[in-house]
Amino acid sequence: MLAKVFVVNAVAKILSAFLGLLSVPLLIRVLGVEQYGLWVALTSIIGWLAVLDFGVGHALKNTVSRAFANDKYIEAQAEAQQVFTITLLMALCSVFLLCVGVFYIDILKNNKTLVMMLYLPILFAFPMSMGGMILQGARKSHIQSLIGLPAPVVILCILFYFVAHEQVVSLQFYAPIYTGFFVVTWVVCWVVACFCIGCKKDFFVGMLSFKIKTQRLAVGLRFFVLQISSVILYGAGSYLVYINAGAQDAAIYDTVNKLYFFGLSLFNMVIAVFWPEVAFSVEKKQFARVGRIYFTMLGMGLVFVVGAFFVAYFSVDIIFYWTAGEISIDSRTPYFFAALVSVQALAYCGAVVLNAVEKVMGQLLISIISSVAMIPVFFVFLRMGYGIASVPIAAALLTSVAMLYCNLAAFFYVRRGLKGMVYAS
């Protein structure tokens, strides 16, 4: 089963990410560099939506994995209802904050109509995004990947149409297309996921009960802090560059970042297949299998590092031809982005094991320190003249601590598990 899930998930994610890469030069042509810079700054804020589940989405993933290990789905169904309620309340609060923010935050105030068209549909549909967590926990992440594949295909076809007819499109016109596919994908994923864990009609009625139990909130809050840290370290780059250097540099930063994020996203999405496998194996006391999974991930991580720096050597030409000469960069910048994604990939290998068994306190401390330090460290390198590379340099330095901790902690956890099995026998 793992091989099937791994292959299908990898192929679907590669196709989806490749289609996303193809859309970048088309968007630049259709929107123009300035409008594209604004677009990437606004859509980068969507990354903050990851924190609206208050971390309970990751807790739900682990609960579903345990439910499948023990063939008991009632707990998973009950927690899915709780997660829907919590995320719905958080989404409603976010809608209120957005309505206030458009009067006080410059980038939102100057683009009120666009902001509402972009964010409101996504916020209201956000609770449905938890379907992905259920499918991952059920060891069916390949289904999530397949559900998400049609959206980038259709969007790319639409962009090709605009380019072929030499149409210049406004962001107000493109935003509903983007959000529409976003929302439809989440809704389909949620419905499929709920039936996957055996939900009946009364489950869907109970989603609106607004009765919240707190048993898993403590675990969720730990993941919530990790999510906040991740967004600050890796999701705020476009916004920071846009505010401090302008739309032109934001467009350049986003283009380079997308090239490396393409590879890292594929790596993370493929590695994510192992998260529920670790939780499942621990529940079954199969620590030897956990060890094999961990070292498999680590080996894949090292291969990824070599690939990242190999791509960095050719990145100047890749980006120039990819964007039809619209975007150009200096030769040293790609290596900083390669260093960042390399450190992230290796950190995630250990983090998958720790997150699957909900041992995240050490990560919490590191993540809090890193998120607080990110912006000051960014400005240090910005003043030193590193330009857009200031973002990956700062993030890579701060992530290196998490990389060392996560892998050491994961290694010793597996070793203790194996020793415990020997003593028990």
Side-chain angles (χ1 to χ4, degrees), residues 16-17 19-24 26-32 35-53 57 84 87-102 105 107-133 144-163 167-193 231 235-236 238-239 242 247 250-251 254 258 261 265:
S16 182
L19 292 170
L21 280 180
L22 287 178
S23 70
V24 171
L26 299 178
L27 271 173
I28 292 174
R29 287 186 63 182
V30 168
L31 299 175
Q35 285 293 289
Y36 179 73
L38 172 61
W39 175 252
V40 298
L42 289 174
T43 52
S44 69
I45 301 174
I46 293 176
W48 287 89
L49 290 179
V51 306
L52 290 187
D53 68 347
F84 183 89
T87 51
L88 179 59
L89 291 172
M90 290 297 294
L92 293 175
C93 291
S94 298
V95 169
F96 172 76
L97 292 175
L98 176 65
C99 292
V100 173
V102 294
I105 300 174
I107 191 172
L108 303 181
K109 183 168 60 176
N110 297 333
N111 302 278
K112 284 184 182 137
T113 303
L114 175 60
V115 165
M116 290 300 183
M117 294 172 69
L118 177 61
Y119 294 130
L120 286 182
I122 292 176
L123 285 173
F124 283 119
F126 178 73
M128 303 290 185
S129 70
M130 295 298 102
M133 294 297 189
Q144 179 192 8
S145 299
L146 291 174
I147 292 172
L149 189 57
V153 172
V154 178
I155 288 177
L156 188 66
C157 290
I158 293 172
L159 290 174
F160 269 122
Y161 175 84
F162 291 148
V163 171
Q167 293 185 12
V168 176
V169 176
S170 68
L171 286 176
Q172 285 79 4
F173 181 85
Y174 181 70
I177 297 173
Y178 178 84
T179 56
F181 285 106
F182 225 107
V183 169
V184 170
T185 299
W186 279 352
V187 172
V188 173
C189 197
W190 173 257
V191 173
V192 172
V231 170
S238 294
Y239 183 77
Y242 181 86
D254 184 77
K258 270 191 170 63
F261 187 71
S265 295

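Here the structure is a predicted model, which is why all the values come from computation and not from measurement. Quick note: numbers below take in every heavy atom, side chains included, and nothing from hydrogens, waters or symmetry partners. Counting begins at 1 with the first residue of the sequence.
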Novice: So how far is it from Met128 CE to Ile122 CD1, rounded to the nearest 0.5 Å?
Specialist: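 Between Met128 CE and Ile122 CD1, I get 14.5 Å after rounding to 0.5 Å.
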Novice: Working note: Tyr36 + Val24, criterion side chain to side chain contact (heavy atoms under 4.5 Å, CB included); need CA distance, chi angles, decisive distance, verdict.
Specialist: CA-CA 9 Å; Tyr36 179 73; Val24 171; 3.5 Å; yes
Novice: For residues Pro127 and Ala91, report the shortest heavy-atom separation together with the two atoms involved.
Specialist: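 Heavy atoms only, the tightest pair is CD-CB, 4.5 Å.
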Novice: Identify the residue among Leu27, Leu31, Val169 that makes a side chain to side chain contact (heavy atoms under 4.5 Å, CB included) with Leu159.
Specialist: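 Among the candidates, only Leu27 passes.
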Novice: Identify, with sequence neighbours excluded, every residue that meets side chain to side chain contact (heavy atoms under 4.5 Å, CB included) alongside Val115.
Specialist: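 For Val115, the residues satisfying side chain to side chain contact (heavy atoms under 4.5 Å, CB included) (neighbours in sequence not counted) are Leu42, Leu98, Val102, Leu108, Asn111, Tyr119.
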Novice: Can you pull out every salt bridge (charged side-chain N to carboxylate O under 4.0 Å, His left out) where at least one residue sits in residues 107-125? Sequence neighbours excluded, please.
Specialist: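 The answer is Asp106-Lys109.
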Novice: Evaluate the ring planes of Phe182 and Tyr178, with Trp represented by its six-membered ring, and classify them as parallel (under 30°), tilted (30 to 60°) or perpendicular (over 60°).
Specialist: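 The rings of Phe182 and Tyr178 sit tilted, inter-plane angle from 30° to 60°.
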Novice: Could I get the full list of side chain to side chain contact (heavy atoms under 4.5 Å, CB included) partners for Val95, not counting sequence neighbours?
Specialist: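 By the side chain to side chain contact (heavy atoms under 4.5 Å, CB included) rule, Val95 matches Cys99, Leu120, Leu123, Phe124.
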Novice: Rounded at 0.5 Å granularity, tell me how far CD1 in Ile28 sits from CG in Leu26.
Specialist: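 Between atom CD1 of Ile28 and atom CG of Leu26 there are 9.5 Å.
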Novice: Residues in ring-ring contact (aromatic ring centres under 6.0 Å, His included) with Tyr174, at least two apart?
Specialist: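 With neighbours one apart ignored, the set is Trp39.
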Novice: I need the minimum non-hydrogen distance between Pro176 and Met117, along with the two atoms involved.
Specialist: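 That closest heavy-atom pairing would be CG-CE, 3.2 Å.
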Novice: Looking at CZ of Phe181 and OG1 of Thr185, how far apart are the two atoms once the value is rounded to the nearest 0.5 Å?
Specialist: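 So the gap between those two atoms works out to 8.5 Å.
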Novice: Quick one: pull up OG1 in Thr179 and CG in Leu118 and give me the separation to the nearest 0.5 Å.
Specialist: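 Here the interatomic distance stands at 6.5 Å.
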Novice: Please find the pair of heavy atoms, one from Ala125 and one from Trp186, that lie closest to each other, and give the distance.
Specialist: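 The answer is O-CE3, 3.5 Å.
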Novice: Not counting sequence neighbours, which residues clear ring-ring contact (aromatic ring centres under 6.0 Å, His included) with Phe173? List them please.
Specialist: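 If we apply the ring-ring contact (aromatic ring centres under 6.0 Å, His included) test to Phe173, skipping adjacent residues, the hits are Phe162.
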Novice: With sequence neighbours excluded, what pairs up with Val100 under the side chain to side chain contact (heavy atoms under 4.5 Å, CB included) test?
Specialist: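 For Val100, the residues satisfying side chain to side chain contact (heavy atoms under 4.5 Å, CB included) (neighbours in sequence not counted) are Phe96, Tyr104.
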Novice: What closest approach, in Å, do Cys189 and Gly132 show between heavy atoms, and which atom pair accounts for it?
Specialist: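 Shortest heavy-atom separation between Cys189 and Gly132 comes out as SG-N, 3.7 Å.
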Novice: If every non-hydrogen atom of Ala175 is compared with every non-hydrogen atom of Leu114, which pair is closest and at what distance?
Specialist: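 That would be CB-CD1, 3.7 Å.
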